[in-house]
Amino acid sequence: MAKPEKSWQKRLSGATDESAVHFVESLSFDQRLYKVDIVGSIAHAEMLAAQKLITHAELTAIKKGLIEIGEEIASGRFRFDLTQEDIHMAVEAALIEKIGDAGKKLHTGRSRNDQVATDIRLWLRDDIEIVQTLITHLQRALVRSAEKYIDDVMPAYTHLQRAQPVSIASYLLSFVEMFARDWSRLADCRKRLNVCPLGSGAVGGSTLPLDREKTAKALGFADITYNSIDAVSDRDFCAEYLFCCSLIAAHLSRLAEDWILYTTTEFGFIRTDDAYCTGSSMMPQKRNPDMLELIRGKTGGVYGALMAMLTILKAQPSTYNRDLQEDKRHVFAASDTMHSCLQIAAAIVSHTVFNTGRIAAGLDEGFLDATALAEYLVKRGVPFRQAHGIVGTLVAQCEKEGKSKLAVLSLEQFQAACDKIEADVYAVLNPAGVCRAYQTAGAAGPTAAAVQIRYWKEELKERM
Ligand code: ARG
């Protein structure tokens with residue numbers, strides 16, 4: 001069978017060099033747009049028929065052909081020919097082969113420039129919903145785990161030095177907050193990209209009476225774009241999406257880093273099921289957190305995608321340039337990473353337990369109650385700055401005397417440091433008690449944790 005002619009065959013003489021054909025094609029990676037491409041084409045054809053630019057018989061043939069092509073691609077029967085350049089040309093060529101002349105009318109009033117801009121928006125709209133659902137699953141896993149540890153206390157670190165005691169639940173809920181921001185950032189991004197460029201043509205629009213609102217509505221867009229010059233080259237939403245992914249990756253990476261540390265013999269805070277660990281080919285004793293390390297490592301690829309996208313956009317002259325074809329590689333790659341990392345992170349969270357006994361046994365290390373002691377003095381009228389100094393001196397004294405905690409100092413030693421201290425001071429000097437005594441809204445004690453858990457359970461229930 002003779003090769004179908006390229007649409008520009010009449011303009012360019014001679015065949016494209018084979019190396020150029022391979023260099024320019026995007027079909028190898030943009031075929032995953034096939035569903036949205038077909039959906040977009042059906043909406044476009046329906047509009048063309050409503051505007052009497054094609055007949056109803058032609059519309060019927062186009063729709064039937066496109067649906068068949070969609071089924072062939074879905075079932076793997078469709079033969080992709082990379083010389084077709086991209087998914088748009090591949091589908092159109094297959095349609096013309098299938099239904100003949102009616103197929104040649106599909107591209108009326110349309111350019112691949114507004115077509116691809118529409119396709120990516122449609123694709124991202126769906127993908128954002130998937131990523132949001134995966135975020136919700138991860139958040140639920142974190143909340144379920146938090147519920148088990150409301151009354152268990154762990155050290156919180158600043159500068160990776162022991163800082164204040166916190167509820168393990170509060171620690172887990174801190175990630176629920178981060179992922180909630182990621183969720184709403186995606187919602188924002190989706191809202192901004194949910195406008196339809198179709199009808200903008202190659203750059204200037206069309207002299208045909210296209211009904212842009214009709215196609216936009218049929219495709220579920222909230223509005224049309226309002227400037228064709230901008231519409232065909234706008235990929236801001238790709239950069240925004242990749243930024244959203246980058247922050248998700250950052251949050252996942254921080255969780256991963258914490259847990260990699262927490263699984264060490266030195267910390268021993270958590271244990272993840274064997275199903276989510278790997279061994280070593282040489283050292284028989286090893287239990288490695290490779291999944292967490294990969295989550296951390298894959299962050300690099302996601303940031304790279306954002307950098308690539310921003311750089312692709314930089315200094316492109318108005319308007320559409322083929323540079324933009326590269327957008328999809330990075331969007332797809334980041335999306336794939338998001339899907340796999342969010343899924344595995346949720347599974348790991350669901351299969352990890354905190355070694356509460358061991359954590360509790362170590363709470364006396366690191367003077368976690370020092371700030372609470374300073375606040376004890378504040379409650380007795382000592383200015384905070386002075387209280388800070390008094391407690392600092394007491395901690396230094398403990399260290400000098402080889403005492404690991406403030407509670408072992410005698411009342412005389414306390415009173416020598418400050419005469420406002422009385423025997424009730426010992427009630428303050430225990431990290432778990434300090435944690436229970438937090439009273440500020442959003443504090444990291446069990447009281448606030450329980451409130452947050454109630455909030456998130458309600459909130460996350462509604463999200464699905
Ligand atoms: N494959 C192209 C892309 O992804 C489609 C648009 C090509 N338009 C053009 N005028 N060459 O950007």
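Along the sequence shown, residues carry numbers from 1. Atoms within each ligand, like the ligands themselves, are counted from 1 in listed order. The model shown is predicted, which means the values in this text are computed figures rather than measured ones.
Counting atoms of ligand 1 from 1 in the listed order, those under 4.0 Å from a heavy atom of Gln325 are 1 (N), 2 (C), 3 (C), 4 (O), 12 (O). Close contacts between ligand 1 and Arg322 involve ligand atoms 11 (N) [criterion: under 4.0 Å to a heavy atom]. Annotation for ligand 1: atoms under 4.0 Å from non-hydrogen atoms of Ser26 are 1 (N). The contact set between ligand 1 and Asp86, taken as ligand atoms under 4.0 Å from a residue heavy atom, comprises 1 (N), 2 (C), 5 (C).
A salt bridge is defined here as a Lys NZ or Arg NE, NH1 or NH2 lying under 4.0 Å from an Asp or Glu carboxylate O, and Lys214 with Glu46 fails to meet this definition. Electrostatic pairing of Glu68 and Lys98 counts as a salt bridge here, judged by a charged N lying under 4.0 Å from a carboxylate O. Ion pairing of Glu177 with Arg181 is absent here, as no side-chain N (NZ or NE/NH1/NH2) approaches a carboxylate O to less than 4.0 Å.
In terms of the salt bridge (charged side-chain N to carboxylate O under 4.0 Å, His left out) criterion, Lys148 has no residue partners (sequence neighbours excluded). Applying the ring-ring contact (aromatic ring centres under 6.0 Å, His included) rule to Tyr149 yields the partners Phe354; only residues at least two apart in sequence or on another chain are considered.
Aromatic ring orientation, Tyr262 versus Phe267: tilted (interplanar angle from 30° to 60°).
A heavy-atom separation below 4.0 Å is found between Lys328 and ligand 1.
Atom 9 (C) of ligand 1 has as its closest protein heavy atom Asn113 OD1, 3.4 Å. Ranking the protein heavy atoms by distance from atom 3 (C) of ligand 1 puts Tyr320 OH, 3.2 Å first.
Considering both main-chain and side-chain atoms, His88 never comes within under 3.5 Å of ligand 1 through any nitrogen or oxygen pair.
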